[in-house]
Amino acid sequence: MKYWLVKAEPNCFSIDDLAKEKKQTTHWDGVRNYQARNFMRDEMNLGDKVIFYHSNAEPPGAAGVCEVAKEAYPDFTAFDPEDQHYDPKSKKDSPCWMMVDIKFVKKFSRLVPLDEIKSNKKLQKMRLVQPGNRLSVMPVEKDEFEEIVKMGR
DNA sequence: GCCAACGTTGGC
DNA sequence: GCCAACGTTGGC
């Protein structure tokens with residue numbers, strides 16, 4: 001079992017939106033970064049736990065927990081010229097971009113703001129708080145995951 | 001809205 | 001294969 005963090009802009013798609021989805025599940029489309037794709041494609045397994053992080057928010061921070069509900073498959077939004085995430089590089093017979101499905105598990109009773117994550121000694125090593133890290137899908141250590149869950153209670 | 005950091009693109 | 005230009009991310 002692995003642990004992850006995914007980012008979304010809540011004015012675009014928040015954890016509440018995820019909770020309102022049919023079956024509380026959505027496909028995590030639109031990732032157009034190779035490193036993030038590789039994590040999803042190669043390492044994310046069914047049932048892995050995922051922190052749902054709100055970026056570009058006031059305040060930014062960890063909003064809750066979800067889990068991988070379907071392992072990597074082609075991101076069909078890349079095939080649609082009308083879609084905002086359309087990418088002509090990705091062909092149906094050789095898809096360039098992949099996505100997973102994620103399912104809502106719980107919303108934290110309080111949002112864990114980024115500055116608390118930054119100032120927590122146990123979380124200093126997280127990629128999230130490394131300068132200039134813009135990955136939208138990143139691995140998290142088990143103890144880091146558990147620490148954030150504890151902070152969100 | 002600004003801007004630093006960093007990934008991607010494309011000319012050479 | 002280098003690297004400048006450009007686009008995107010995301011905190012502030």
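The structure displayed is predicted, hence computed values, not measured ones. Proteins get letters first, then strands, A, B, ... in listed order; numbering begins at 1 in each.
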### Summary
Footprint ends on DNA chain C, 5' to 3', for atoms under 4.0 angstrom from a heavy atom of chain A, come out as C/dG7 to C/dC12

### Task
Not counting sequence neighbours, which residues clear ring pair (Phe, Tyr, Trp, His ring centres under 6.0 Å) with A/Phe79? List them please.
none

### Message
The criterion is ring pair (Phe, Tyr, Trp, His ring centres under 6.0 Å); which residues satisfy it with A/Phe108, sequence neighbours excluded?
### Response
none

### salt bridge (Lys or Arg N to Asp or Glu O under 4.0 Å) contacts in which one or both residues fall within residues 59-75 of chain A, not counting sequence neighbours
A/Arg32-A/Asp75, A/Lys49-A/Glu67

## Note on the structure
Across all chains, not counting sequence neighbours, the ring pair (Phe, Tyr, Trp, His ring centres under 6.0 Å) partners of A/Phe13 are none

### Message
According to ring pair (Phe, Tyr, Trp, His ring centres under 6.0 Å), does anything in residues 112-150 of chain A pair up with another residue at least two apart or in another chain? List the pairs.
### Response
A/Tyr3-A/Phe145

### Summary
Between A/Pro131 and A/Lys89, the residue closer to the 5' end of DNA chain B by nearest nucleotide is A/Pro131

Sequence neighbours left out, cut at 3.5 Å: what donor-acceptor pairs do the side chains of residues 129-141 of chain A make with other protein atoms?
from	atom 1	to	atom 2	distance (Å)
A/Gln130	NE2	A/Gln124	O	3.0
A/Gln130	NE2	A/Lys125	O	3.4
A/Gln130	NE2	A/Met126	O	3.1
A/Asn133	OD1	A/Leu135	N	3.0

### Query
With nearest nucleotides of DNA chain B determined for A/Asn133 and A/Asn56 from heavy-atom distances, which residue corresponds to the more 5′ nucleotide?
A/Asn56

Listing, residues 51-64 of chain A side-chain donor-acceptor contacts under 3.5 Å, not counting sequence neighbours, or none:
from	atom 1	to	atom 2	distance (Å)
A/His54	NE2	A/Ile15	N	3.2
A/Asn56	ND2	A/Glu9	OE2	3.2

### Query
Looking at residues at least two apart in the chain, or sitting in another chain, which of them share a salt bridge (charged side-chain N to carboxylate O under 4.0 Å, His left out) with A/Lys122?
A/Glu147

### Query
Which residue pairs pass the salt bridge (Lys or Arg N to Asp or Glu O under 4.0 Å) test when at least one of the two sits in residues 93-116 of chain A, sequence neighbours left out?
A/Asp16-A/Lys107, A/Arg110-A/Glu116

### Query
Among residues 117-130 of chain A, which residues get a heavy atom nearer than 4.0 Å to DNA chain C?
A/Lys118

## Note on the structure
The correct set of residues in residues 2-11 of chain A placing a heavy atom under 4.0 Å from DNA chain C is A/Lys7

### Message
Please determine whether residues A/Leu18 and A/Ile148 belong to a single hydrophobic cluster, defined as Ile, Leu, Val, Met, Phe, Trp and Tyr linked transitively by side-chain heavy-atom distances below 4.5 Å.
### Response
yes

